[in-house]
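These notes are about the structure you will find just below.
Order of the sequence lines fixes the chain letters, A, B, ..., with proteins taken first and strands second; residue numbering starts at 1 for each chain. Bear in mind the structure is a predicted one, so any value in this text is a computation, not a measurement.
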Amino acid sequence: MFSDNNRITGIQLKRQIAVGLTGAFLLILTKEPALLGRSGLLGLLTGFAAVLLYLLVLVRAAQAYRDPELLLGRVGGTLLRLLYLSYLVLTGSFLLAEAVDMTTAYLLTGSQGLTAAVLLLAVSLLGTGSDLQRRGRMGEAAYPLLMLGFFLMLAVAAGAVNPKLLDEAPALSVSGTVQGAYAYYGACMVLSVLPFLLNHVQGKGQAFPHMARAALLVTLITGSALLILLGIFGYEGLVRQETPILKLMSRIILPGGFLDRFDILWMAFLLFSLLFGLGSVLFYGRTIGKFGTFTKGGYVLALLILAGALITWGEKDIRSFYGDALRWFYTPVLTAVPLFMWLCRKWRRK
Amino acid sequence: MDISLNIRENEAYVRSQCEGCADIHIRPMKLGRDRQLVCFVVYIETAVSNMMLRDSLVGQMINRLWEMPQREILKCIRENSLGISDVKELATMEEAMAAMLAGNAVMFLDRYDRAVKIASKGYPSRGVPKAEFEKALRGSSEGFTESEKVNAALIRKRIRSTDLKVEEMTVGKRSQTMLALVYMDGLAYESLLDDIREKLKNFEVDGVFDTGMVEQLAEERWMSPFPQFETTERPDRAAMEILNGRVALLCDNAPNALILPTTFSSFMQAGEDRYNRFEIVTFQRFIRYAAVILAMMFSGVYLAVINFHTQILPTHLLLSFAEARQGVPFPSILEVLFMELAFELIREAGVRMPGPLGGTIGIVGGLIIGDAAVGANLVSPMAVVVVALSALSSFAIPDEEFSAPFRLLKYGFILLGGWFGIFGIVCGCYLVQGHLAGLTSFRIPYLMPFIGSGLKGYEKDRDGIFRGPLVRMRRRPVFARRGERIRLRMGDDAREQRGE
């Protein structure tokens, strides 16, 4: 008999990673200059290899995250939680800002950003909840339909690729590849919060293959989307586009002609995945901060994310700040912290 | 209170308890050849009629005692040497009263500190009816009746094994309603049975008159519109599910059984699914799942498309939509809401109308209101088509109780689609999915078998949207104990199992 043991399966882990990341990566990484072109695509694959190594470290370090205060002391543990929380708030704000942009530009045209942001945040908060098993089941159930949707849409879009435009892309360069790899690796820093969950995965030893499969799937979908976009808009066109992925389907005509455009469907899939991604940020925030769903801490977290997404200073907003923060601070720090935690635990055990 | 040796005390107690109960008869008698042994029988008039008839169990017994010498009567009763199968001795007054209220005759004898329960035909009930709401083209037409005993017998008729256990209990402080847990010993998880017993003990209520009350009092998430217990009125369906390791809960006065644990997919299976070929059943299940989506979202998506995302429609279709809406003074969200509510009215009236009038109301009401509303420019013909399709879809869901939440959620989707377009529809889907993912029924996730493939103990039973060929459905679903999952053996395996 199954029991409510506050655990999820490896399959659920894989699926929730895939469902949470695909939409965000498609929306955000397809407009990341470092990932466009041949060097960008090679960088993506190289970055994936680095992500695999990073995942191995995360699995090794998982035990150390069971009770950081025990390992690092009260101050150290609190600082560690604050580090991850700050990263999650910024990531949540960035993701929300992107989702709001997509919503107000294509889905709820003419609506206020605040309305869309509040709705998105409320739905992701209520839909995902703070129950580990519920979120696991949600990811598992959504995965087949969502992935089938993405796959079919990309397959249809692939039919519109112009091979000549692919040839026009700039030649490979080492610096371009390195930049692309670092950009992709940096985007995958969202996986850095996984050790807080890994202790709740059935058969911890088998977590890595599931995580690696999820990362591979997300990489393949993102890579395919980048390739298809390159073949449809060309390198120059792609660089000029603000969010090319949203316009991908506007040029595609479905066989049969019963729908004139079906980019709304594409956006519906993206939105679902973004909601799950946003819900995941809230979920991890509550887990790391030890907040319940409807507690002060939970509300503060949601409000911080909302404020981060909406506040602008001059011409700047979260998007002009997040990239640099990720590149220069969070990527190196969040790479080093799990290694440190792992070594710390080893040293303690000795 | 113990039964006294003095019959006067017993009679006084019974009379005080039954004061004002005109339907309860207390019949004093003097038995034995010399009419010396004082006794009385207490019974409910309609439950124990024709007492003195020769073919009545009670009548036969009393007629025999009439002829015996007084000293032999008590010995005869004590040893049940009358040989009557369902005679039981009761030690306390409470037991005696409960037995009488259950529809039996209870006899008290002087100088005997036990009461004798003599089973009778019990309360009046109708015979085994036809299953009305779970109609099937193939398979038995028998349906459950209002007697828990008869219902248990209908299941036993299909599973003639002593492993089929029927565990009786009473709920309802005043109604003292009989419930029966029916399960296969060795197949159903003991922890599941413990959970069910615990849930049933978890409430104290005046009366329980239907399984619906038990369901609402025992379910885990009472705020959810989704039923967490499955209901069936077909004994064959109940028997089949019991063989899958699930538990049937019968309730006196309820012509149906509750089946638990319950999952989303079990609601999408019809009673005859096992009797038909797998290809057609799979196709039918696809239709049913599509019906769920249409019943819940079609009206909302229609509003989202015509209010927000007209660009997805081909021009000619868009023009015909616009033409159809010409002259309609209301916004589209209001016209859809009006039609949906009109349909609900017709449906409610149809259900309450007696007999064949109900169906007529549905057809005539739908036709007339739809036609008149279009003629009066209250709604567009397109809205009528959309609402009719969504209503039709809700009827394609095999379980009426399960289709109700989708009919309710439809209004949420209408508002979401009408106000926020596809954005609202996606948000609605996300919330519904989140809610369903959080539901469990006796620890089994509601979304099984669409989730849980990695859970310990999960085995594919080929009975989800796709129903495998019967010869390949060799395993029982997750409800059955892990070591008892083999349901079907073929060829040599089967012969070996039979010891041939």
Correct closest heavy-atom pair for A:Val123 and B:Leu431 would be O-CD2, 3.7 Å
All heavy atoms of B:Ile422 vs all of A:Ala268, minimum pair found to be CG2-CB, 3.9 Å
Answer key: most heavy-atom pairs under 4.5 Å with chain B among A:Leu275, A:Ile11, A:Leu120, A:Leu265 is A:Leu275
Cut-off 4.5 Å, heavy atoms of chain B, and the answer for A:Phe276 is both
Shortest non-hydrogen pair, A:Met138 vs B:Gln433, comes out as O-NE2, 3.1 Å
Output for pair (B:Ile451 CD1, A:Gln133 CD), nearest 0.5 Å, gives 9.0 Å
Flag yes if more than 12 heavy atoms outside A:Gln112 fall under 6.0 Å of its CD atom; otherwise flag no.
-> no
dist A:Leu107:CG -> B:Ile425:CD1 (nearest 0.5 Å) comes out at 12.0 Å
Side chains of A:Ser124 and B:Tyr430, donor plus acceptor under 3.5 Å: no
Cut-off 4.5 Å, heavy atoms of chain B, and the answer for A:Ala142 is both
Given B:Arg481, B:Glu190, B:His309, the one with more heavy-atom pairs under 4.5 angstrom with chain A than any other is B:His309
Separation between CZ (B:Phe423) and CG (A:Leu108), nearest 0.5 Å, reads 5.5 Å
Honestly, the part of B:His435 sitting under 4.5 Å from a heavy atom of chain A is backbone
When the 4.5 angstrom heavy-atom criterion is applied to B:Leu439 and chain A, the contacting part is backbone
Honestly, the part of A:Thr103 sitting under 4.5 Å from a heavy atom of chain B is side chain
When rounded to the nearest 0.5 Å, the distance separating CZ of B:Phe420 from OG1 of A:Thr115 is 8.0 Å
Rounded to the nearest 0.5 Å, the CD1 atom of A:Ile264 sits from the CD atom of B:Gln311 at a distance of 5.0 Å
### Task
Check the pair A:Thr109 / B:Phe308 against side-chain contact (heavy atoms from CB on, under 4.5 Å), numbers first and verdict last.
CA-CA 9 Å; A:Thr109 37; B:Phe308 289 86; 5.8 Å; no
